2 protein chains.
Amino acid sequence: MPGPGRAALDGLDPRLPLHARLREVLVARVESGEWTPARPLPAETALAEYYEVALGTMRRVLGELVEQGLLERRHGSGTFVRRAKLDSSLFRFFRYGDPRSGTPAGRILSFDRAALPATAAEALGEPPGAASLHLHRLRLRDDEPVLVEDIWLPLPRFAVLADHHQDDLGDLLYPAYERHCGIVVASAEEILTVGTANAGDALLLRCRRSDPVVFIERTARTHDGTAVEWRRSVGRAADFRYRIEIR
Amino acid sequence: MPGPGRAALDGLDPRLPLHARLREVLVARVESGEWTPARPLPAETALAEYYEVALGTMRRVLGELVEQGLLERRHGSGTFVRRAKLDSSLFRFFRYGDPRSGTPAGRILSFDRAALPATAAEALGEPPGAASLHLHRLRLRDDEPVLVEDIWLPLPRFAVLADHHQDDLGDLLYPAYERHCGIVVASAEEILTVGTANAGDALLLRCRRSDPVVFIERTARTHDGTAVEWRRSVGRAADFRYRIEIR
DNA sequence: AAGTGGTCTAGACCACTCC
DNA sequence: GAGTGGTCTAGACCACTTC
């Protein structure tokens, strides 16, 4: 099977290095569902011949996709699409409190279509008022309210989520994005500030209005840097504890 | 300069692949302080010849160390030990006016020998009460107080600093550690909490007692993970803005 | 112009898994 | 034994930084 060779890379920016274009087409094939965890991908030698690239180049790309968590390689048996591990991304971006104590849970209060507010739109690189899904959620630890979250997901990228009931999403959103939309969150930026609670937050957090609270604004991105989620979380300042490693 | 060739890898488990052993010796050379961020490492071609390995193998190892955050490569200029930019980065997070305007400065209030308090001792892996240098400092922007800092440096590691006058240290401490003690800070852990100002902090920060403030406790480490500095910074919560990238 | 890292190729050989 | 990924080599050529 000779394959289309480099013609398969034609639609992409030719200024990009070969390995970058190759990565895009492989990611697209994984996200299309053409390859599933059930069976191995074609062998690296077959893929290299198919796209008419050197084996080393193909291996470099496959290695990057393994690093990114998209693929998994098993010596002697093949290269596989990695099944989403529901616990791996669990605490990855959850820095509030001690991860070891208690089990965090999410109670979704509302889940609707909404126009993007200005701050969310700017972070997501969308025009203000663009269509989105808006998720309002309360996070608890040991039945104690810990964080109130407002999450915006731009449409149409997350359109298939709109057809799901909120109970299908589960406590963990990032695995749901991956499962239903093929979107893998790879990095995030967070900005922390301190302010005072408004009436709605105070009620949910069981604190007084004007009590000090912490705001955490997060922009989550895919591997290629595209912003795919913006959220604003509010928690009581008294309970606040945020731990971060800097390298 | 022919170099020792593979003899340099002799002490290591020969069952390990070449790249793994190579990686260990390069990490050791970085941790020994032989290479510093000031000057580039030998070129990849020179290193490959020195250890008598193929260029591709050397490039693979260097790439892994970049991935790990130990090294940094600059196309056209060389490969460098990566230094953490903590001093400059932390200060940028405090929005006292425009971050670009004005020059952040540090005014050292006191600089003395002191016994390590319990929290600092635990973070540094030293016995409580061990000998240390204690630095009390006020950080300002545009002559406005922004942060009060207490910094502990374990002795005898930092002994040569004790002989310097506080004015020799300058505004940036990490370069001073590097210059005077050969200590390169490579990573840090920070824990942020919110509380209320005590009398001394309130006076220095020009706020009321019981005003909300943010505490930042930082443990700074060298490349090999040894904790070399512990500091506690206090700033008014109203001015607080902390930005972090998570990967 | 010289020196650095970045890309890409081509091929040999080894180690592991599965039938 | 056949097929898979893992290791390692050797070398050409390009792009960027510095002087």
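Below, chain A is the first sequence line, B the second, and so on; all start at residue 1. Keep in mind that what you see is a predicted model, and the values were worked out from it rather than measured.
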Applying salt bridge (charged side-chain N to carboxylate O under 4.0 Å, His left out), name anything that partners [X], two or more places apart in sequence or on another chain.
X	result
A:E44	A:R59, A:R73
B:R232	B:E217
B:R23	B:E64
A:R39	none

Could you list the residues that satisfy side-chain contact (heavy atoms from CB on, under 4.5 Å) with B:A20, not counting sequence neighbours? B:L16, B:P17

Apply side chain to side chain donor-acceptor pair (under 3.5 Å) to B:E24 and list each qualifying residue two or more places apart in sequence or on a separate chain. none

Tell me, please, which residues at least two apart from B:E67 pass side chain to side chain donor-acceptor pair (under 3.5 Å). none

Assert: residue with more 5' nearest nucleotide on DNA chain C, out of A:G76 and A:R21, is A:R21

Nearest-angstrom distance from the residue atom CG of A:L47 to C1' of D:dT4: 12 Å

Under 4.0 Å from a heavy atom of chain B: give me the 5'-most and 3'-most nucleotides of DNA chain C that qualify. C:dG3 to C:dT7

For B:L62 and B:L26, run side-chain contact (heavy atoms from CB on, under 4.5 Å): C-alpha distance rounded to whole Å, both residues' side-chain angles, the deciding distance at 0.1 Å, then the answer. CA-CA 9 Å; B:L62 293 173; B:L26 293 186; 4.1 Å; yes

Members of residues 28-46 of chain B that approach DNA chain C, where some heavy atom sits under 4.0 Å away: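 Within residues 28-46 of chain B, the residues near DNA chain C are B:A43, B:E44.
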
Mind checking if A:R59 touches a base, just sugar-phosphate, or nothing, with heavy atoms under 4.0 Å? base

